[in-house]
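Throughout, a chain's letter reflects where its sequence line sits, starting with A, and its residues are numbered from 1.
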There are 2 protein chains.
Amino acid sequence: MRLIQSHTDYAVRAILFIAASEKEMVSSADLEAELDLPRPFMRRIMQDLQKAGILKSLRGYQGGFQLAKAPAEIFLMDLIELFQGGLDLTECIFRKKVCPNCKTCPIRRRVKKIENYVLRELQGINLAVLMQEK
Amino acid sequence: MRLIQSHTDYAVRAILFIAASEKEMVSSADLEAELDLPRPFMRRIMQDLQKAGILKSLRGYQGGFQLAKAPAEIFLMDLIELFQGGLDLTECIFRKKVCPNCKTCPIRRRVKKIENYVLRELQGINLAVLMQEK
DNA sequence: GACAAATGGTACCTATCTGGTATCATTACT
DNA sequence: AGTAATGATACCAGATAGGTACCATTTGTC
Ligand code: FES
Ligand code: FES
């Protein structure tokens, strides 16, 4: 079970690379070379980041992506939200149905506490922090 | 993403029920009635618990299951280990391959810290604790 | 205007994981 | 012998994650 999934991880790397790049515009081709990923896959991630307002894009010749926000304003949690639909560690085991046991679920409260900690930690991480410690 | 999966959750409920039961031996039929689960499915979980030495079983007429350990000696983490193969929140995103980025992975360290906390919390939970707070 | 270089959008595929079923063999008591 | 229980194991199905394919659109250069 992974806390951080591929899309999120790739997004982080991509953003860090763009942030560190000299270029005005970074293209998918550049990212492919740097991150060693299939370009179509990378592109989809970039598009999602663009839609989310994290990147700005320019089409056509010499086009590409650049940051739309300062690294310090991009939070890991945003990316998790975007690519993983957020975190819900206590998601009830009775999918689709209303849980008949939530009230009596012996572990729910405990897991909720853990989840709170995890969220607090994650919310403290932004991309500027990750840049430094790399 | 669920921290606790169905098998684990059911196992907890089953064990708590057996622990609270007056009967010498609790059968799958009893559990089915109590937990409202398909019996074959429940049975497989019970068998796994038996193999793991958490339950003792008796076959044949009036057979069933009973605890092989005191609730205080059964840890939630054991069940997670048993049914979910443990927890590895930092599992590298590059499956099957050796990760070429682990050294430079910007989020690995952070997630590792979170994982440590989660493990510590989970390791402190045993079934006796869960019985009380229910 | 034609062409090439780039992204936008969307539908689809595939492997793995999770949850659950089915079947038959074995044991134990009456 | 018969019945009530577990042991063992193979199988199936839906959901999720990871990844691909395809075509449309925009932008700059010649
Ligand atoms: S089952 Fe609904 S919360 Fe544990
Ligand atoms: S990729 Fe191997 S740890 Fe982040």
Checklist outcome for this item: Residue pair A:M1/A:A29 against DNA chain C: nearer the 5' end by closest nucleotide is A:A29
Checklist entry - For A:R59 and A:R44, take the nucleotide of DNA chain C holding the closest heavy atom to each; which residue's nucleotide lies nearer the 5' end? => result A:R59
Output the single nucleotide from [options] whose closest atom is nearest the side chain of [X].
X     : options                : answer
A:R2  : D:dG18, D:dG7, D:dA8   : D:dG18
A:Y61 : D:dT29, C:dA22, C:dT10 : D:dT29
B:P40 : C:dA22, D:dG18, C:dT7  : C:dA22
B:F41 : D:dT6, C:dG20, D:dT20  : C:dG20

Please state how far atom [atom1] in [X] lies from atom [atom2] in [N], giving the value in whole angstrom units.
X     : N      : atom1 : atom2 : result
B:D48 : C:dG19 : CG    : C1'   : 13 Å
B:K51 : D:dT6  : NZ    : P     : 15 Å
A:R43 : C:dT10 : CZ    : C1'   : 12 Å
A:I45 : C:dG8  : CD1   : C1'   : 16 Å
A:Y10 : D:dG18 : OH    : P     : 8 Å
B:E91 : C:dT16 : CD    : C1'   : 11 Å
B:K56 : D:dG7  : NZ    : P     : 14 Å
A:K23 : C:dA6  : NZ    : C1'   : 13 Å

Taking only side-chain nitrogens and oxygens of [X], does any of them come within less than 4.0 Å of OP1 or OP2 of [N]?
X     : N      : answer
B:Q5  : C:dG19 : yes
B:S57 : D:dG7  : yes
B:S27 : D:dA4  : no

Checklist entry - Does A:E24 offer a backbone N or O that forms a donor-acceptor pair with the side chain of A:Q66 under 3.5 Å? => result yes
Checklist entry - So, does B:Q84 use its side chain to make a donor-acceptor pair with the main chain of B:Q5 at under 3.5 Å? => result yes
Checklist entry - Regarding A:T90 and A:D88, is there a side-chain donor-to-acceptor distance under 3.5 Å anywhere? => result yes
Item to check | Minimum side-chain heavy-atom gap A:L31-A:L37 below 4.5 Å | outcome: no
Checklist entry - Do the side chains of B:K113 and A:E121 get nearer than 4.5 Å, heavy atoms only? => result yes
Checklist entry - Want to settle it: does B:G64 or A:H7 sit nearer the 5' end of DNA chain D, counting the closest nucleotide to each? => result B:G64
Item to check | First of A:L58 and A:P38 reached from the 5' end of DNA chain D, by closest nucleotide | outcome: A:P38
Checklist entry - Is A:Q50 touching bases, backbone alone, or none of the nucleic acid, heavy atoms closer than 4.0 Å? => result sugar-phosphate
Item to check | Parallel, tilted or perpendicular, as decided by the 30° and 60° cut-offs, for the rings of A:H7 and A:F83 | outcome: tilted
Checklist entry - Donor-acceptor pair under 3.5 Å: do we get one between B:Q47's side chain and the base of D:dG7? => result yes
